Amino acid sequence: MPVARPELSDSRVIAHVDMDCFYVQVLWKTDSSSLKVRSDVRRQVYRFKGMKCNDPILANWSYCESVVEQRKQQSLRGQPTAVVQYNSWQGGGLIAVSYEARKFGVKRSMRGDEAKQVCPEIHLVQVPVARGKADLNTYRNAGSEVVSILSRRGRCERASIDEVYLDLTIAAEAMLADNPPECLETISEDVVQSHVLGLEEVGSDARENVRHWFTRSDASRRDKLLACGAFIVAELRLQVLEETEFTCSAGIAHNKMLAKLASGMNKPAQQTVVPFSSISKLLRTLPIKKMKQLGGKLGTSLQIDLGVNTVGDLLQFSEEKLQEYYGVNTG
DNA sequence: CATGGGACCCAG
DNA sequence: CTGGGTCC
């Protein structure tokens, strides 16, 4: 029988790391492989610009443009920018949008022309093209740099080009045994800036609440493990920033689903912890469509056919009942 | 044609 | 295996 159920009573420490508008960030950076390509081709680009181009590699004008555009990279920091693929039809499709551009209402999956209308000063940069297709290898390689840093502290699972799950259970247990947060004299600002779900965020001093949560000696073992995990993730995110210039956001929780949910709650360049005690409150009212796997037709079917709107509503249905509707695994 | 394409999972 | 769904 297929089983797709997590273990009961789970105290793993799982992080989900999500790069902020990753394709845009990659433009800001100069990595060695793209430099090599650029210096190879730069001379020819200038030679071919405005002419008929017979070289099969350079024949695609989009590629020439993208090579030229990449030279602007450093100056694009802090400016409204989007990465587009295929510029020939209505300016190409946006696949990443900088936070500066988002302020103007520029959205992913707009066309380049559309983005120019709402944000005339936006910089549109094309992804490289190889064999007539968008070539994402530059971004894939940049993602690998991040994975190599994250894997210093735990096992990594690449979830996509710009997302990684990290199992920090072992590292958190070790930290709890050797050097628990409650014994630390000072706690770095990066850690205190974490968001912890379920903490009363009264206007007075959220910082002090977080600091207290991290250092309380009477916390449950689960909470202490998550606190250690959040420490480690804060360190890792700093190392990623120092070594790659990339910022990312992260969620820290007891399983992948919750870590993924949390990483998207505070962006960019922030991290969010989901303590065990906050889970039921969080899920009871969470719209089902926000959960991974339920954003499409399955989620719609849950709403329309079963009247399930929140994760809490789902509890009224037995596993067997759901399997009747959707099959053994999906159910 | 007009969000594009690839990776992965599942049901039948 | 194919065809459909989902994600980025």
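First the proteins, then the strands, lettered A, B, ... as listed; each starts at 1. Only a predicted model underlies this, so the values are computations on that prediction, with no experimental measurement involved.
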Check the distance between [N]'s [atom2] and [X]'s [atom1] and give it to me in whole angstrom.
{"X": "A/Tyr139", "N": "B/dG5", "atom1": "OH", "atom2": "C1'", "answer": "15 Å"}
{"X": "A/Lys133", "N": "B/dA7", "atom1": "NZ", "atom2": "P", "answer": "12 Å"}
{"X": "A/Asn87", "N": "B/dG4", "atom1": "CG", "atom2": "P", "answer": "14 Å"}
{"X": "A/Asn137", "N": "B/dG6", "atom1": "CG", "atom2": "P", "answer": "12 Å"}
{"X": "A/Lys297", "N": "B/dC10", "atom1": "NZ", "atom2": "C1'", "answer": "15 Å"}
{"X": "A/Tyr165", "N": "B/dC8", "atom1": "OH", "atom2": "C1'", "answer": "13 Å"}
{"X": "A/Gln85", "N": "B/dG4", "atom1": "CD", "atom2": "P", "answer": "8 Å"}
{"X": "A/Asp162", "N": "B/dA7", "atom1": "CG", "atom2": "P", "answer": "16 Å"}

Phosphate oxygens OP1/OP2 of B/dC9: is one of them under 4.0 Å from a side-chain N or O of A/Asn329?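 The answer is no; no side-chain N or O of A/Asn329 sits under 4.0 Å from OP1 or OP2.
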
Taking side chain as C-beta onward, heavy atoms only, is [X] less than 4.5 Å from [Y]?
{"X": "A/Phe276", "Y": "A/Leu226", "result": "no"}
{"X": "A/Lys224", "Y": "A/Glu173", "result": "no"}
{"X": "A/Arg222", "Y": "A/His254", "result": "yes"}

Kindly point out which of B/dA2, B/dG5, B/dC10 is positioned nearest to the side chain of A/Thr330?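 Looking only at heavy atoms from C-beta outward on A/Thr330, the closest nucleotide is B/dC10.
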
Consider the side chain of A/Tyr86, meaning its heavy atoms from C-beta on, and name the nucleotide among B/dT3, B/dG5, B/dA2 that approaches it most closely. B/dG5

Chain A footprint on DNA chain C, 5' to 3' - any atom under 4.0 Å from a heavy atom: C/dG5 to C/dC8

With a non-hydrogen cut-off below 4.0 angstrom, is [X] in contact with a base, only sugar-phosphate, or nothing?
{"X": "A/Gln90", "value": "nothing"}
{"X": "A/Gln293", "value": "sugar-phosphate"}
{"X": "A/Gly93", "value": "nothing"}
{"X": "A/Leu298", "value": "sugar-phosphate"}
{"X": "A/Lys260", "value": "sugar-phosphate"}

Determine, for A/Lys107 against A/Glu114, whether the closest basic-nitrogen to carboxylate-oxygen distance falls under 4.0 angstrom.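 A/Glu114 and A/Lys107: not salt-bridged.
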
Whether the A/Tyr326 and A/Ser301 side chains hold a donor-acceptor pair (N or O, under 3.5 Å, no angle test) is what I'd like checked.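 Note: A/Tyr326 and A/Ser301 side chains meet the donor-acceptor criterion.
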
Strictly distance-based, threshold 3.5 Å: is any side-chain N or O of A/Arg237 a donor or acceptor partner for the main-chain N or O of A/Cys248?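 Yes, the answer is positive, given that a donor and an acceptor are paired below the 3.5 Å cut-off.
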
Who is the Watson-Crick or G-U wobble partner of C/dT6, with both distances under 3.5 Å?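 Here C/dT6 is engaged in a pair, and the nucleotide opposite it is B/dA7.
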
How far apart are the closest heavy atoms of A/Gln323 and A/Val328, and which atoms are they?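 Scanning both residues, the minimum pair turns out to be NE2-O, 3.0 Å.
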
For B/dG4 versus C/dT6, give the span between their C1' atoms, rounded off to a whole number of Å.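 The answer is 15 Å between these two C1' atoms.
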
I'd like the P distance from B/dT3 over to B/dA7, given in whole Å.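 Going atom to atom, P in each nucleotide, I get 22 Å.
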
One pair to check against side chain to side chain contact (heavy atoms under 4.5 Å, CB included): A/Cys21 and A/Tyr99. What are the steps and the verdict? CA-CA 8 Å; A/Cys21 57; A/Tyr99 281 83; 3.9 Å; yes

